[in-house]
Amino acid sequence: MKVLLNLRKLAIDQLHEPIDFGDVDEKLLPIGVFDSGLGGLTVVKQLLLHLPNESIIYFGDTARLPYGTKSILTVRKFSLQIARFLQNQGVKIIVVACNTASSLALNVIKENTAVPVLGVIGPGVSAALRVSKSKSIGVIGTTATILSGAYKKVLKKLDPAVNLNSVACPLFVPLVEEGWERSDVTELIVSKYLDPIINTEIDTIILGCTHYPILKDVLHKVVDNRVIIIDSSIETARQVRSILQSENIQRPKRSKPTYKFYVSDRPQRFEEIAERFLGEPLPNVKQISLDDYR
Ligand code: DGL
């Protein structure tokens, strides 16, 4: 009931057209997931595996991608708009499936949102701490994520003794978007970026960007399987499951879940590339404008 009441309050607070949620059972409400584009689909994939009964609403801000080169203020503004949109759709939890938005905007989203909000930084860090023996961890991400120091902050809070080496890899996102994950050029670029951390004590690398799981094969090749690569999407899905369990808002099995995918630019390209992220085609992606969610 708490989520439902909060949703009603929010619809009134924000002076948007009040939404009548009627007598909706909050267990049936969807999980809201967003990313700057399609990288967040790596999280959706894990949610589908870990929570097959749950409905999902996904928003990819394809018109304003990339976030990884933008300022804090801009990323916060965009993220808040999306969080408002998702709340107006009646989601029961918001998953910020974008490392840049999680690094720069998670607290602001939490402060302005009436439902539980989970980012991808905490789950990635927890997974890395569980497996690292040398206590020397690497994180790779967009320029904005690395400059924000968000990973360091979360990691040091959980284990002050851990040594963290961060590397911004701004070329990885365009390489993935181009579909070049198996190209020689990509292997060369991956080697160049990882060079400063490859022959160090690091035994674990966190993929601090939603696009990077697509590069897992080439990353494994470059680090020669000596280093454990952490894909935070798996741990994120596990943490969503435990939040839904502790709040007692899991969707019961009795009806089929629904999936809705929205983007802010034309859907065709999203649909094409989405197949690589999800491993299956994504029909019915709708384009919407966030202009009303200021
Ligand atoms: N989704 C972003 C992230 O995880 C990568 C793409 C972008 O720069 O917008 O950091």
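Just so you know, these numbers use all the heavy atoms, side chains as well, and skip hydrogens, waters and symmetry mates. For ligands, and for the atoms within them, numbers begin at 1 and follow the listed sequence.
Ligand 1 does not have Gly37 within reach: every non-hydrogen atom of the residue lies 4.0 Å or more from it.
Under the 3.5 Å distance criterion, the side-chain polar atoms of Thr42 are matched with a main-chain donor or acceptor of Thr210.
Protein heavy atom nearest atom 6 (C) of ligand 1, with residue, atom name and distance: Ser36 OG, 3.5 Å. Looking from atom 1 (N) of ligand 1 to the surrounding protein, the closest heavy atom is Asp35 OD1, 2.7 Å. Among protein heavy atoms, the minimum distance from atom 10 (O) of ligand 1 is reached at Thr100 OG1, 2.6 Å. The protein heavy-atom contact nearest to atom 5 (C) of ligand 1 is Cys209 SG, 3.5 Å.
In this structure, a donor-acceptor pair under 3.5 Å is present between the side chains of Thr145 and Thr142.
Between Glu181 and Arg276 there is a salt bridge, since a side-chain N of the basic residue sits under 4.0 Å from a carboxylate O of the acidic one. Arg269 and Glu272 are not joined by a salt bridge, as no carboxylate oxygen comes within less than 4.0 angstrom of a charged side-chain nitrogen.
Heavy-atom contacts of Leu65 reach the following atoms of ligand 1: 9 (O) (cutoff under 4.0 Å). Which parts of ligand 1 touch Pro66 is read off a 4.0 Å heavy-atom cut-off, strictly below it: atoms 7 (C), 8 (O), 9 (O).
In terms of polar-atom proximity, defined here as any N/O pair under 3.5 Å, Thr145 makes no such contact with ligand 1. Between Gly68 and ligand 1, at least one N/O pair is under 3.5 Å apart.
For the pair Leu175/Val190, no side-chain contact is recorded, criterion being any heavy-atom separation below 4.5 Å from C-beta on.
Only one option out of Phe270, Phe85, Tyr58, Phe59 pairs with Tyr262 in a ring pair (Phe, Tyr, Trp, His ring centres under 6.0 Å); it is Phe85.
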